[in-house]
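Report on the following structure.
What you see below is based on every heavy atom in this structure, not just the backbone, and it leaves out hydrogens, waters and symmetry mates. Just so it is clear, the structure is predicted and the values come from calculations on it, not from any experiment.
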Amino acid sequence: MGKRGIEIIGLNKAKLLKMLNAALAEEWLAYYQYWLGARLMEGPMRSEIEPELLLHATQELNHAVLVVTRIIQLGGTPVLNPDEWPKFSRCEYEAPADPYIEVILQQNLRGERCAIQRYNEIADFTNGKDHTTHQMAVTILNEEIEHEQDIEDWINDLDRMKKDLQKIRL
Ligand SMILES: [Fe+2]
Ligand SMILES: [Fe+2]
């Protein structure tokens, strides 16, 4: 980024770059978790939810694009090796070893809550000090909140379906 663009930032740049690199690693891990989980998933509503999870995956990848662009603008070095993703990431990568739809959704839900915390922290840290990063963090935060809501809604629908089936059996 141009010199002036970096000078106007009124905060600890090294700390911000660390947070952004953590976010970048988290986005890639979230992307793969969604992308693979959507394909392995089994159970009720699978055909409806699969394309939605693939859409979430694409949106996580778009977040990675926004974050890496900002890291480079700030003169930082993005995480260079996928080996480092789990070291940088605070969100756990949860392998979709059990393909049951509810297990996959719960794994992704934990990931979204972790992402919400991350972007909330970046938004707080940059508030009033780095408008560009702040705006980016809020944009991504809004999408992570939508993702969390989507998943909670699907879990509720699945619960309701199970309860309705139990009533029929009784
Ligand atoms: Fe994301
Ligand atoms: Fe998300």
Side-chain angles (χ1 to χ4, degrees), residues 16 19-71 78-79 82 84-127 131-169:
L16 175 61
M19 291 167 107
L20 291 174
N21 256 322
L24 179 62
E26 286 159 3
E27 291 294 356
W28 273 103
L29 292 171
Y31 169 73
Y32 193 65
Q33 190 177 302
Y34 266 121
W35 180 87
L36 192 58
R39 288 174 162 83
L40 293 169
M41 206 163 59
E42 291 172 7
M45 289 168 61
R46 182 193 56 81
S47 52
E48 257 174 83
I49 294 176
E50 184 186 338
E52 298 294 331
L53 292 188
L54 289 173
L55 180 64
H56 281 200
T58 305
Q59 287 168 334
E60 307 306 2
L61 202 53
N62 289 337
H63 298 163
V65 174
L66 294 174
V67 173
V68 82
T69 303
R70 188 62 185 146
I71 291 171
V79 185
E84 294 176 302
W85 289 343
K87 289 179 220 156
F88 276 85
S89 173
R90 194 171 54 191
C91 314
E92 200 179 330
Y93 174 76
E94 298 196 45
D98 179 346
Y100 188 56
I101 193 160
E102 283 189 318
V103 177
I104 300 279
L105 289 177
Q106 290 292 348
Q107 289 176 331
N108 292 337
L109 185 59
R110 286 188 285 275
E112 291 301 342
R113 287 177 177 160
C114 185
I116 287 169
Q117 200 181 328
R118 168 68 63 202
Y119 290 104
N120 198 47
E121 281 175 23
I122 296 175
D124 278 347
F125 187 65
T126 52
N127 194 17
H131 306 301
T132 308
T133 307
H134 181 74
Q135 200 172 43
M136 180 203 75
V138 171
T139 301
I140 300 176
L141 178 62
N142 288 338
E143 279 200 9
E144 307 299 15
I145 288 170
E146 280 174 27
H147 289 173
E148 183 197 34
Q149 183 70 57
D150 287 345
I151 299 175
E152 284 184 5
D153 288 347
W154 294 321
I155 291 171
N156 285 340
D157 288 349
L158 284 165
D159 280 348
R160 186 175 283 260
M161 194 190 281
K162 281 198 290 191
K163 280 184 191 136
D164 287 349
L165 280 170
Q166 273 168 355
K167 273 187 214 152
I168 293 167
R169 278 196 204 117

- Message: Among residues at least two apart in sequence or on other chains, which ones pass side-chain hydrogen bond (donor to acceptor under 3.5 Å, both in side chains) with Glu152?
- Response: Arg113
- Message: Just to verify, what does Asn21 make a side-chain hydrogen bond (donor to acceptor under 3.5 Å, both in side chains) with, not counting sequence neighbours?
- Response: none
- Side chain to side chain, Ile140 and Ile122, heavy atoms closer than 4.5 Å: no
Look up atom [atom1] in [X] and atom [atom2] in [Y], then write down how far apart they are to the nearest 0.5 Å.
X: Thr139; Y: Asn62; atom1: OG1; atom2: CG; value: 12.5 Å
X: Leu109; Y: Gln149; atom1: CG; atom2: CD; value: 10.5 Å
X: Trp154; Y: Asn108; atom1: CH2; atom2: CG; value: 9.0 Å
X: Met136; Y: Leu20; atom1: CE; atom2: CG; value: 5.5 Å
X: Glu148; Y: Asp153; atom1: CD; atom2: CG; value: 10.0 Å
X: Thr126; Y: His131; atom1: OG1; atom2: NE2; value: 9.5 Å

- Check Glu94 against Gln107 and note the closest heavy-atom contact, atom names and distance. OE1-CG, 3.3 Å
- Considering all heavy atoms, the nearest Ala115-Cys91 contact: N-SG, 4.2 Å
In residues 40-55, what donor-acceptor pairs under 3.5 Å come from side-chain atoms, sequence neighbours left out?
| unit_1 | atom_1 | unit_2 | atom_2 | d |
| --- | --- | --- | --- | --- |
| Arg46 | NH1 | Glu50 | OE1 | 3.2 |

- Message: Using the rule given for side chain to side chain contact (heavy atoms under 4.5 Å, CB included), can you reason through Glu112 versus Glu60, listing the C-alpha separation, both sets of side-chain angles and the distance that settles it, and then say yes or no?
- Response: CA-CA 10 Å; Glu112 291 301 342; Glu60 307 306 2; 2.9 Å; yes
Using atom types as modelled, flag every donor-acceptor pair under 3.5 Å from a side chain in residues 22-29 to any protein atom, sequence neighbours excluded.
| unit_1 | atom_1 | unit_2 | atom_2 | d |
| --- | --- | --- | --- | --- |
| Glu26 | OE1 | Arg118 | NE | 2.9 |
| Glu26 | OE2 | Arg90 | N | 2.8 |
| Glu26 | OE2 | Arg118 | NE | 3.4 |
| Glu26 | OE2 | Arg118 | NH2 | 2.9 |
| Glu27 | OE2 | His63 | ND1 | 3.3 |
| Glu27 | OE2 | Tyr119 | OH | 2.7 |

By side chain to side chain contact (heavy atoms under 4.5 Å, CB included), which residues pair with [X], not counting sequence neighbours?
X: Glu102; result: Tyr100, Leu158, Asp159, Lys162
X: Asn156; result: none
X: Thr132; result: Arg70, Gln73, Asp130
X: Asn142; result: Val138

- Note on the structure: Residues at least two apart in sequence or cross-chain that pass salt bridge (Lys or Arg N to Asp or Glu O under 4.0 Å) with Asp164, listed by chain then number, are Lys167
- Message: For the residue pair Asp150 / His56, report whether a side-chain donor-acceptor contact shorter than 3.5 Å exists.
- Response: yes
- Item | Donor + acceptor pair across side chains of Tyr34, Gln59 (<3.5 Å) | no
- How about Glu84: does its CD atom have over 12 heavy atoms from other parts shown lying under 6.0 Å from it? yes
- Taking only residues two or more places apart in sequence or in another chain, which ones pass ring-ring contact (aromatic ring centres under 6.0 Å, His included) with Tyr32? Trp35
